[in-house]
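Everything on this sheet refers to the single structure shown next.
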Amino acid sequence: MKRTMINDIECEVPVKISGWIENLRDKKSMIFLVIKDKTGKIQVTIEKEKLPHIVEKLAGVIVNSVISVEGVAHNSEYVKMGGKELIPTDITVLSVSNALPITKDASPDLKMDYRWIDLRDDKNRLIFEIMTDMEMAMREYTTSHGFIEIHTPKISAQSTEGGAEVFKTDYFGSPAFLTQSPQLYKQMAMAAGFEKVFEIGPCYRAEQSFTSRHATEFMSFDIEMSYIDSHHDVMDMEEDIIKYTLERVSKKYGQAIKETFGVDVVVPSMAFPRLTFDEVQNILHDNFGLEKKMDMDTESERLICKYVMEKYGCEFVFITDYPTESRAFYTMKHEDNPAYSKSYDLLWKDQEITSGAQREHRPDVLSKQISEKGIDPAHMDSYIEFFRYGCPPHGGYAIGLARFTAKLLGLSSIKDATFLFRGPNRLNP
C-alpha cells in the first residue's frame, strides 16, 4: 500500500502512514500512540485484546522510534488531535530508538552536538520550510527580471577580499583558498556580458568571531547587475526583491510565524529611507551622544534603526556612501569626493543584513585601488584581467540567508537558522 501523509488521511478509507512515535501511553487494556510526520499528527488506538499481534510487535518500542501503520481512521469526539483516530490492522517497526541524549531544555551546545535530533522539533522544521519559500521567492523574482543563475567555484587561487580571513588549503601541491564570496566571479560574469546574475551558495570566512550573527561557513544570496548609473540602482533592485520575498512569505507562512514565533511579518509599503554615512554619524552624535566613527558597530546599528523607526515608521534603512577606507578594494569611489565610496549597507531590525556597492570596472583604477589597500596588484592580476577587454559598469550585493531568516523570525542566533552550524569551535557533526 502506498504511503499517505497524515494531513491527507480520509476517514473510513484504508491508509498506510509512516512516522515517528511522539507519544506512547501503555495502559492496562489499551495502547495509545501519537504518530507524526512532517505534515501532522494522529492518534493510533490499539485494543490489546483485539490486536495481540500488534501489541507483540510493539514490545520494546519507545518514543522516537519509527513505524508504519496500516489501518482505517474514524472520527472521534474523544480525540483532541484533529478529531480522528487511526485503528490499525497492522504495524511495521522500521527503527527502534534509544533513549534520547538531549531534551528541549538542553544547552545550545549540546543541542548542536545532536543537531539531527534537535531538528525534529516542529518549530525547527518550520524554520527551514520558511527558508525554502524565501529562497524560492528570491529566485522567482530574479529569474522573472532577466537574471541568470550561476554557480561559482568555492576553491580559488586567490582570496576574494585580499585579506587574511581565508581558509587556506593544499591544491595538489599548490596553495588555494576557500572563497569568501562569489564576488570576483560575479564580476567576471559582467565582463562576459551576462548583465544580470545571481547565486545562492556557500561562503567561507576564517574569522575568530563568536557573535550570534557570524559563522565560518554560511549560505549567501548574491546578485550582480550591469549598466547601472550608481549604487542606488542596486538598492532599488534589492528593495524590490525584499518586498516581494516578504509578501510571499507573509501570505504562506504569516499566520504560522505569528503563532510559533510571536512575530508579525511586516511587508513594507514605503520606500526604504536612505541616509548617507555622514548623516548617520551626525544623527548618532546629536541624538545619542555617540562619537563619530569610520564605520558602524552593533550599538550604532541598533540606535539608527531605532531613530528611523520612530521618524519614518520603517524597519529598514539604507546607509550609503561609506568612507572609502572602510570598504573593499573593488568598490568604486565618488568622482567628486574619492574619500567616499559608492557603497551601502542595509539594516533591518537593529542589524546590518546586506552590503552592496557599485564596483570599479576600469582596470587601471582598480589596480591603483588594490595598491592603496596594501595588496600587491600582481597577486590580483588574474582578477584585473577580467576588465582589460571591455566591461560595463556594474554593482551588486550579498545577503546571508541565515541572518535574514533570524531577523525575520526573531531568532536569537543564526545557529537556529543554519542546518549545521560552523564556527571557530564547531566542526561537528
Side-chain angles (χ1 to χ4, degrees), residues 5 7-8 38-40 119 122-151 182 196-202 213 218-225 233-274 305 308-309 312-318 344-356 396-411 414 416-419:
M5 304 307 292
N7 273 5
D8 296 330
K38 69 175 185 176
T39 69
L119 287 170
D122 293 341
K123 181 177 180 179
N124 286 335
R125 188 180 63 251
L126 178 59
I127 292 172
F128 291 91
E129 291 176 354
I130 293 166
M131 288 184 73
T132 300
D133 195 57
M134 184 181 75
E135 289 184 36
M136 288 179 64
M138 291 178 175
R139 181 177 277 110
E140 185 175 274
Y141 186 94
T142 46
T143 53
S144 67
H145 285 76
F147 282 77
I148 298 171
E149 184 171 9
I150 61 174
H151 300 286
K196 295 179 178 180
V197 300
F198 76 94
E199 178 174 15
I200 299 175
R213 60 179 181 173
F218 60 93
M219 294 297 292
S220 179
F221 172 73
D222 282 74
I223 76 162
E224 202 76 17
M225 49 195 287
D233 293 334
V234 182
M235 285 184 267
D236 291 342
M237 178 59 68
E238 178 171 16
E239 182 174 323
D240 288 346
I241 291 173
I242 286 177
K243 287 179 177 178
Y244 181 87
T245 300
L246 290 178
E247 183 174 16
R248 174 175 168 142
V249 171
S250 178
K251 285 181 178 178
K252 187 170 183 180
Y253 289 103
Q255 187 60 37
I257 291 171
K258 177 67 175 179
E259 292 173 356
T260 306
F261 302 98
V263 174
D264 290 310
V265 179
V266 178
V267 181
S269 58
M270 64 180 293
F272 299 172
R274 300 181 185 186
C305 284
V308 168
M309 190 66 192
Y312 300 101
C314 186
E315 293 181 337
F316 292 89
V317 57
F318 284 114
Y344 73 88
D345 282 349
L346 177 61
L347 275 58
W348 184 32
K349 297 182 179 181
D350 302 342
Q351 194 175 97
E352 176 257 310
I353 60 166
T354 301
S355 285
Y397 73 88
I399 183 167
L401 295 178
R403 187 179 294 190
F404 188 88
T405 304
K407 289 282 97 181
L408 171 67
L409 303 179
L411 307 177
I414 64 169
D416 297 320
T418 305
F419 183 70

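- Aromatic ring pairs are classed by plane angle as parallel below 30°, tilted from 30° to 60° and perpendicular above 60°; the pair Phe272 and Phe316 is parallel.
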Subject >> Leu401/Met138 under side-chain contact (heavy atoms from CB on, under 4.5 Å): CA gap, chis, key distance, verdict >> reply: CA-CA 11 Å; Leu401 295 178; Met138 291 178 175; 3.9 Å; yes
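- Between the side chain of Lys196 and the main chain of Gly146, no donor-acceptor pair closer than 3.5 Å is present.
- In this structure, the side chains of Thr245 and Tyr141 stay at 4.5 Å or more apart for every pair of heavy atoms.
- Between Arg248 and Glu140, at least one side-chain N (NZ, or NE/NH1/NH2) sits under 4.0 Å from a carboxylate O, which counts as a salt bridge.
- Between Glu239 and Lys243 there is a salt bridge, with a side-chain nitrogen of the basic residue lying less than 4.0 Å from a carboxylate oxygen of the acidic one.
- One distance of note links CG of Asp345 with CE of Met235; it measures 10.5 Å at 0.5 Å rounding.
- Here the options are Val266, Val267, Leu408, the test is side-chain contact (heavy atoms from CB on, under 4.5 Å), and the partner is Ser250; only Val267 passes.
- Between the NZ atom of Lys252 and the CD1 atom of Ile130 there is a distance of 10.5 Å, given to the nearest 0.5 Å.
- Atom CE of Met134 and atom CZ of Arg139 lie 11.5 Å apart (nearest 0.5 Å).
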**OP:** Would you check, one step at a time, whether the test side-chain contact (heavy atoms from CB on, under 4.5 Å) holds for Leu346 with Tyr397?
**Re:** CA-CA 10 Å; Leu346 177 61; Tyr397 73 88; over 6 Å; no
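- Once rounded to the nearest 0.5 Å, the distance linking CZ of Phe261 with NZ of Lys123 reads 5.5 Å.
- Arg403 contributes a side-chain N or O that, together with a main-chain N or O of Arg213, makes up a donor-acceptor pair within less than 3.5 Å.
- Within the 4.5 Å cutoff, side-chain heavy atoms of Phe128 are placed close to those of Leu119.
- With rounding to the nearest 0.5 Å, the separation of CD1 in Ile241 from OG1 in Thr354 is 10.0 Å.
- Surrounding CZ of Phe419 are at most 12 heavy atoms belonging to other residues, nucleotides or ligands under 6.0 Å away.
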